[in-house]
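Below, each value reflects all heavy atoms present in this structure, side chains not excepted, and no hydrogens, waters or symmetry copies. Lettering follows sequence order; numbering is per chain, from 1. For clarity, every value in this text was computed on a predicted model and none was experimentally measured.
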There are 2 protein chains.
Amino acid sequence: MAQDEFSLIRQWTSRSDGQEGDGLTVGLGDDAAVFTPGHAMEVVACCDAMVETVHFLKTTMSPSDIGYKAVMSNISDVAAMGGYARYALVSIAVSPNWSPEECSQIYDGIYQACERYGVRVIGGDTVSAPDALHLSVTVLGEVEKGRAIRRSQAAAGHTVFVTGHVGTSAAGLHLLLQEKNGASSSSGVWRELEIAHQRPLAQVAAGRLLLASGACSSLNDVSDGLASELWEIAEASRVAISVDAAQIPIREDVRAYATQVNKDPLEWAFYGGEDYQLVGTVESNKVDEIAQKFASAGIPFAVIGRVEAKSEVGVPALSLIQDGLQLPLPKAGFNHFGQRG
Amino acid sequence: MAQDEFSLIRQWTSRSDGQEGDGLTVGLGDDAAVFTPGHAMEVVACCDAMVETVHFLKTTMSPSDIGYKAVMSNISDVAAMGGYARYALVSIAVSPNWSPEECSQIYDGIYQACERYGVRVIGGDTVSAPDALHLSVTVLGEVEKGRAIRRSQAAAGHTVFVTGHVGTSAAGLHLLLQEKNGASSSSGVWRELEIAHQRPLAQVAAGRLLLASGACSSLNDVSDGLASELWEIAEASRVAISVDAAQIPIREDVRAYATQVNKDPLEWAFYGGEDYQLVGTVESNKVDEIAQKFASAGIPFAVIGRVEAKSEVGVPALSLIQDGLQLPLPKAGFNHFGQRG
């Protein structure tokens with residue numbers, strides 16, 4: 001990128017001017033930002049990268065979707081600790097095939113995600129790239145001291161839950177790729193599926209409810225698919241997990257679209273990812289109380305399985321109960337449903 | 001990169017296993033890291049990206065140099081606030097032309113920089129890239145509450161200083177590019193110049209001395225060349241700065257190499273960058289005391305100029321006094337020395 005285009009980018013981040021106060025001592029524009037977490041709070045820090053051709057295509061995501069999702073996926077990681085996001089640092093590497101207008105739209109999406117969740121952009125780096133656009137975002141948040149929800153405290157007898165529908169983002173991506181490959185546009189019939197892929201929502205309020213309950217023993221966000229997330233919990237907690245196929249929350253439009261394209265929607269739920277719902281475990285004697293609190297807050301909460309003692313050697317950490325059978329569910333990459341790939 | 005190579009990378013970051021304690025509640029391996037800054041300290045946060053072909057070539061930097069420098073440049077940004085670094089998040093995008101061995105060496109360099117400065121790797125992301133390797137590092141540090149040194153408090157009458165030699169990294173890069181283009185290897189004669197480019201040191205101790213002095217009114221690290229850094233201070237502080245060519249600290253071997261290749265070493269000092277020295281301003285009645293403290297600590301400290309009241313319209317914010325003349329010094333990109341480019 002030429003020097004004058006860098007000036008343009010400085011202009012786009014001018015939305016961060018005058019942002020000091022409320023804990024932020026030094027904002028964007030110096031060598032580094034400086035802030036103080038709230039009283040009795042710890043800092044939560046995470047980092048996610050998105051790369052053109054690997055994580056998105058220009059044909060499946062608009063520039064503003066890309067910026068939005070790069071920030072949102074990090075806010076989701078903070079939510080999966082029971083915290084909330086406060087600051088973002090944005091590192092963007094722009095190749096010559098991205099116009100200044102497109103870059104400006106990426107920043108539009110970045111600021112849309114930030115504004116929605118009360119996050120301030122306090123730093124970053126803007127550099128040139130030879131070909132693919134790279135976007136790496138660090139989000140810093142807060143959580144009450146000593147209260148962060150890890151993956152490792154699930155215990156036999158605990159209940160497995162998920163906060164909302166899964167498989168929706170994968171259905172949307174399938175649709176977008178079909179359209180890219182020349183299939184007729186969905187003309188709005190399935191538009192909600194595409195939005196679920198392009199503009200997912202981080203479940204911060206759900207994470208805060210779970211932390212407040214004091215009964216959440218493990219938590220992940222669904223970035224890589226339900227199977228991968230549950231495997232991580234099972235391994236970190238040294239337990240086995242079984243989930244009930246009939247209880248997995250899948251939207252009606254996802255089921256309908258899956259039928260139309262001859263796919264199993266459970267495949268999308270377990271191996272699709274990018275739904276950014278929260279999945280985890282709670283103490284079973286608190287499930288009703290927690291479900292009631294979620295209902296009061298208008299947030300979906302579905303019980304989908306149960307934690308068991310660690311299985312014998314050779315028995316997988318994760319299994320699926322379907323049609324009366326208990327089937328091993330691999331972490332990823334295995335064609336369990338016969339229609340994958 | 002294939003799935004099994006990602007397993008390799010998880011293995012390399014295993015050096016971060018068991019790192020909790022001393023303020024770090026949750027380390028590498030969960031959705032996010034969680035930490036508490038020290039008592040009465042604020043968090044300092046910065047982010048720098050390095051891209052293959054843009055910031056380095058395989059011929060000028062070894063894999064471990066690349067990892068080392070990506071971390072070091074961020075530690076330098078924290079030093080330029082008067083703080084010290086504590087944590088790093090590493091986002092790496094690896095293309096197929098980088099072998100697992102080379103990636104392992106990049107992590108060697110990352111951990112070498114971290115260990116040298118007491119920094120722990122607490123998070124990050126590892127993804128594939130289509131061609132160029134991208135490395136984006138976020139470093140989080142600490143500084144005493146309300147004491148971070150900004151760029152904006154320089155005032156007329158203050159003294160301009162730099163903490164060590166400048167232009168050395170640019171001389172080293174010039175040498176490395178000559179060798180790449182077929183010139184005979186330096187065979188160790190100029191090896192120190194190459195090391196200055198490949199393994200620069202962040203001036204954390206100098207930054208801490210300056211903060212402790214209570215008299216440092218502005219501070220930058222020399223990442224983009226002395227001219228660019230001084231321009232930033234002049235603009236942020238709304239002052240003019242003049243520097244004396246005869247006082248710029250340039251190493252004898254840099255001068256000798258410059259003579260050999262018919263270059264002006266001042267050119268490297270002002271427009272080269274990546275020396276990671278600290279440049280800034282201090283109250284003039286404290287200069288002797290500060291210089292004495294630097295001498296006691298064995299850290300170079302050179303007075304190179306003076307802050308003046310903001311100039312009239314049309315007069316540049318930065319000027320160079322050379323051979324009895326006061327010449328305007330542009331921010332970048334202008335062939336002041338007649339030998340540039």
Salt bridge present between E142(A) and R86(A) (N-O < 4.0 angstrom): yes
Between the side chains of T163(B) and Q277(B), is a donor N or O closer than 3.5 angstrom to an acceptor N or O? yes
Any Lys/Arg nitrogen of K69(A) or E274(A) sitting under 4.0 Å from an Asp/Glu carboxylate oxygen of the other? yes
Let's test your reading of the structure: which of A93(B), S223(B), G123(B), S91(B) forms the most heavy-atom pairs below 4.5 Å with chain A? S91(B)
Under a 4.5 Å heavy-atom cut-off, does chain A meet the side chain of V44(B), its backbone, both or neither? both
Tell me, for E52(A) versus chain B, whether the close heavy atoms (under 4.5 Å) come from the side chain, the backbone, both or neither. backbone
Before giving the answer on side-chain contact (heavy atoms from CB on, under 4.5 Å), spell out for T36(B) and E42(A) the whole-Å C-alpha distance, their side-chain angles and the decisive distance to 0.1 Å. CA-CA 5 Å; T36(B) 304; E42(A) 290 189 283; 2.8 Å; yes
Which atoms of V26(B) are under 4.5 Å from chain A, going by heavy atoms: the side chain, the backbone, both sets, or neither? both
Counting heavy-atom pairs under 4.5 angstrom with chain A, the leader among D221(B), N220(B), L140(B), T53(B) is N220(B)
What distance separates S16(B) OG from Y111(B) OH, expressed to the nearest 0.5 Å? 2.5 Å
Give, as side chain, backbone, both or neither, the part of A148(B) having an atom under 4.5 angstrom from any heavy atom of chain A. side chain
Chain A contacts, top residue of A80(B), C46(B), A32(B) (heavy-atom pairs, under 4.5 Å): A32(B)
Electrostatic pair D22(B):R120(B) at N-O distance under 4.0 angstrom: yes
Test log, rule salt bridge (charged side-chain N to carboxylate O under 4.0 Å, His left out), inputs K331(A) and E232(A): CA-CA 9 Å; K331(A) 198 170 194 167; E232(A) 285 187 347; 5.9 Å; no
In terms of heavy-atom pairs under 4.5 Å, which option from P130(A), G124(A), A132(A) contacts chain B the most? P130(A)
Against chain B, label V43(A) side chain, backbone, both or neither, depending on which of its atoms sit under 4.5 Å from a heavy atom there. both
